[in-house]
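As the structure lists them, so they are numbered: ligands from 1, and atoms in each ligand from 1. Side chains included, hydrogens not; waters and symmetry mates left out as well; all remaining heavy atoms used.
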Amino acid sequence: MAFTKFVIRAFSTSTLHFNAVKTVTVIGSGLMGSGIAQVAAATGHKVTLVDKTKEIVDKAEVSIKKSIDRIVKKKFPDDAKAQLKYSTDVLANLNMSTDVLTAVKSSDLVIEAIVENLDVKRELFGLLDNAAPEKTLFASNTSSIPIKDIASVTKRKDKFGGLHFFNPVPLMKLLEVIRIPETSDETYNLLDAFGKALGKTTVQCKDTPGFIVNRLLVPYMVEAIRLVERGDASPRDVDTAMKLGAGYPMGPFELLDYVGLDTTKFIIDGWSKRDPENPLFKPSPILNKLVDDNKLGLKTGEGFYKYNKQ
Ligand SMILES: CC(=O)CC(=O)SCCNC(=O)CCNC(=O)[C@H](O)C(C)(C)COP(=O)(O)OP(=O)(O)OC[C@H]1O[C@@H](n2cnc3c(N)ncnc32)[C@H](O)[C@@H]1OP(=O)(O)O
Ligand SMILES: NC(=O)C1=CN([C@@H]2O[C@H](COP(=O)(O)OP(=O)(O)OC[C@H]3O[C@@H](n4cnc5c(N)ncnc54)[C@H](O)[C@@H]3O)[C@@H](O)[C@H]2O)C=CC1
């Protein structure tokens, strides 16, 4: 009796939570979705990664395999058997699909990582709300859109939250877990426990634009572009300065190319619409021109810098 009480108390404290999420659907197999799916599969979850076409999911599978190769070489440097076992185990947990409505039927959690556009995200969640079982939790990986604006299209706001990962997902240790006023304590605790089960350090933030990291990081990156627009310094010198003078692993232009210039433009345009008087959110002509020219950074082979496409 005393033991049962102890167990119940242990699992009902706010600090200790059992990860009840076993099956996950990740929607959007781009930069972020493929990383999230990979890490969830590597930590024992059954994952379905969904995108619009077979061609896109095939490309994602190739990039996941490359990332796993890099990880196993580091994790098991001289043990080919262990390398193969790790890769096989991760890939066995991962299923690729183009059929989102079937995938969500057997999911404990759905994580959306599609394009940073409110209307597109709302349209998707409207469909998912009808297709997924009542118990299924919904989360968005949005960089900048208020979670409440996405969640309001569903009838399960109590089961909705934000799970904001960082690029590259297999390496970055942080996860921002966001709740809206309607998110239940149970949902919040399950999302947080899932994040911890993925090996991430979680932080909590209110549903404020950009949460913690992007509210600071995006204005910093756009200020770097403005510095170049004024002719004060070159991208290369700004990057060198921030790496050697401030200890950042990448300079702001390297990071802009890494994140994707389209994603950065979506973020800044969205904030500028909401708060047009804020000078930090003013659109940038150089950024707009690069996106118009489809120079989106690393993913298209050119942004502020040129890359060898593999
Ligand atoms: C926009 C948003 O909403 C939010 C965001 O995500 S903002 C962006 C947040 N991300 C950042 O700020 C990233 C900043 N950059 C970094 O932290 C580092 O440059 C980095 C971790 C990306 C790479 O590290 P690095 O030392 O500069 O480069 P690199 O030598 O290529 O990589 C280090 C190791 O990681 C491995 N690695 C890099 N990318 C990898 C990936 N995707 N998968 C697996 N392994 C990877 C490499 O193989 C390498 O392994 P070894 O040490 O065995 O050689
Ligand atoms: N790039 C980054 O560093 C980060 C991005 N994010 C956010 O994650 C989300 C995804 O960003 P990225 O992965 O960078 O974008 P991406 O452009 O690499 O990938 C987006 C994927 O979503 C797919 N997609 C679009 N609409 C879809 C739909 N209706 N159904 C299924 N798939 C659909 C696209 O085909 C594409 O493969 C965005 O909300 C972004 O703001 C969050 C953290 C970091």
Side-chain angles (χ1 to χ4, degrees), residues 25-39 42 48-60 63-77 90 96-101 103-104 110-128 139-145 147 150 162-176 178 209-218 220-221 239 242-243 247-252 254-270 296-300:
T25 297
V26 180
I27 309 174
S29 70
L31 220 48
M32 296 306 292
S34 58
I36 298 166
Q38 178 188 330
V39 174
T48 305
L49 177 58
V50 188
D51 211 302
K52 292 189 285 194
T53 66
K54 175 146 179 6
E55 200 190 347
I56 303 175
V57 291
D58 284 350
K59 210 172 131 204
S63 96
I64 290 173
K65 284 181 177 158
K66 274 191 195 153
S67 174
I68 293 175
D69 272 353
R70 292 166 90 171
I71 288 167
V72 292
K73 284 198 182 111
K74 202 170 186 171
K75 226 173 154 73
F76 313 103
V90 177
M96 314 298 281
S97 169
T98 54
D99 181 357
V100 70
L101 297 183
V104 298
V110 174
I111 305 175
E112 168 275 311
I114 67 169
V115 63
E116 187 71 347
N117 177 303
L118 177 60
D119 293 338
V120 183
K121 287 186 193 286
R122 280 175 63 87
E123 190 188 337
L124 175 68
F125 275 112
L127 294 173
L128 299 181
S140 174
N141 180 52
T142 177
S143 297
S144 63
I145 299 171
I147 301 293
I150 307 171
L163 285 176
H164 186 227
F165 290 85
F166 295 86
N167 181 27
V169 183
L171 262 54
M172 302 303 282
K173 296 186 173 64
L174 186 71
L175 175 66
E176 291 174 328
I178 316 302
F211 316 128
I212 300 171
V213 173
N214 282 349
R215 182 61 185 81
L216 300 174
L217 189 61
V218 174
Y220 151 74
M221 293 194 292
D239 278 352
M242 292 313 292
K243 285 189 287 186
Y248 286 27
M250 287 178 173
E254 290 167 334
L255 192 54
L256 280 156
D257 278 358
Y258 196 64
V259 162
L261 303 187
D262 49 345
T263 300
T264 311
K265 178 172 156 52
F266 287 135
I267 296 174
I268 213 73
D269 287 353
L296 307 181
L298 197 55
K299 62 182 160 188
T300 57

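Using a 4.0 Å cut-off to heavy atoms of I27, the atoms of ligand 2 that qualify are 31 (C). Listed by atom number, the atoms of ligand 1 under 4.0 Å from M250 heavy atoms are 14 (C), 15 (N), 19 (O), 22 (C). When each atom of ligand 2 is checked for a heavy atom of I56 under 4.0 Å away, the hits are 35 (O), 37 (O). Here is the list of ligand 2 atoms found below 4.0 Å of a heavy atom in H164: 42 (C), 43 (C). Each of the atoms 22 (C), 42 (N) of ligand 1 lies under 4.0 Å from some heavy atom of P168.
Of the listed residues (L256, V259, N167), the one carrying the non-hydrogen atom nearest atom 9 (C) of ligand 1 is N167. For atom 34 (C) of ligand 2, the candidate residues are L256, D51, V115; the nearest heavy-atom contact is made by D51. Of the candidates K75, M172, E176, M172 brings a heavy atom nearest to atom 11 (C) of ligand 1. With K121, E176, K299, M32 as candidates, the residue nearest to atom 44 (C) of ligand 2 on a non-hydrogen basis is M32.
Here the protein heavy atom with the shortest distance to atom 3 (O) of ligand 2 is N167 CB, 3.4 Å. The nearest heavy-atom contact from the protein to atom 7 (S) of ligand 1 is L217 CD2, 3.5 Å. Ranking the protein heavy atoms by distance from atom 8 (O) of ligand 2 puts N141 ND2, 3.0 Å first. At the top of the distance list for atom 1 (N) of ligand 2, counting protein heavy atoms only, stands V259 O, 2.9 Å. In terms of protein heavy atoms, atom 39 (O) of ligand 2 is closest to E116 OE1, 2.5 Å. Atom 20 (C) of ligand 2 has its closest protein heavy atom at A113 O, 3.9 Å. Atom 31 (O) of ligand 1 has as its closest protein heavy atom R70 NH2, 3.8 Å. With respect to atom 17 (O) of ligand 1, the closest heavy atom belonging to the protein is P249 CG, 3.6 Å. Remark: minimum distance from atom 19 (O) of ligand 2 to any protein heavy atom is reached at G30 CA, 3.3 Å. The nearest heavy-atom contact from the protein to atom 9 (C) of ligand 2 is I114 O, 3.2 Å. Looking from atom 5 (C) of ligand 1 to the surrounding protein, the closest heavy atom is F166 CD2, 3.6 Å. Shortest contact from atom 46 (C) of ligand 1 to any protein heavy atom: L171 CD1, 3.6 Å. Looking only at heavy atoms of the protein, atom 34 (C) of ligand 1 is closest to K74 NZ, 3.6 Å.
Shown here, atom 29 (P) of ligand 1 is out of close reach of the protein: none of its heavy atoms lies under 4.0 Å off. Atom 42 (N) of ligand 1 lies below 4.0 Å from at least one non-hydrogen atom of the protein.
Nearest heavy atoms, T48 versus A103: CG2-CB, 3.8 Å.
Residue contacts with ligand 2, taken as heavy atom pairs separated by less than 4.0 Å, involve L31 via backbone and side-chain atoms alike. Heavy atoms of L255 found under 4.0 angstrom from ligand 1 belong exclusively to the side chain. With a heavy-atom cut-off of 4.0 Å, I71 touches ligand 1 through its side chain alone. Proximity of H164 to ligand 1, defined as any heavy-atom pair under 4.0 Å, is confined to the side chain (atoms from C-beta onward). Using a 4.0 Å cut-off between heavy atoms, F165 contacts ligand 2 through its backbone alone, with no side-chain atom that close. Within the 4.0 Å heavy-atom criterion, both parts of S67, backbone and side chain, lie near ligand 1. Here N214 has side-chain heavy atoms under 4.0 Å from ligand 1, and that is the only part of it that gets that close. At a heavy-atom distance under 4.0 Å, no atom of I145 approaches ligand 2.
In terms of polar-atom proximity, defined here as any N/O pair under 3.5 Å, S143 does make such a contact with ligand 2.
In terms of modelled atom types and a separation under 3.5 Å, the side chain of E254 and the main chain of D239 share no donor-acceptor contact. Checking side-chain atoms of K121 against main-chain N and O of I114 turns up a donor-acceptor pair under 3.5 Å.
Electrostatic pairing of K299 and D262 counts as a salt bridge here, judged by a charged N lying under 4.0 Å from a carboxylate O.
Put simply, no part of G260 is less than 4.0 Å from ligand 2, judged by heavy atoms.
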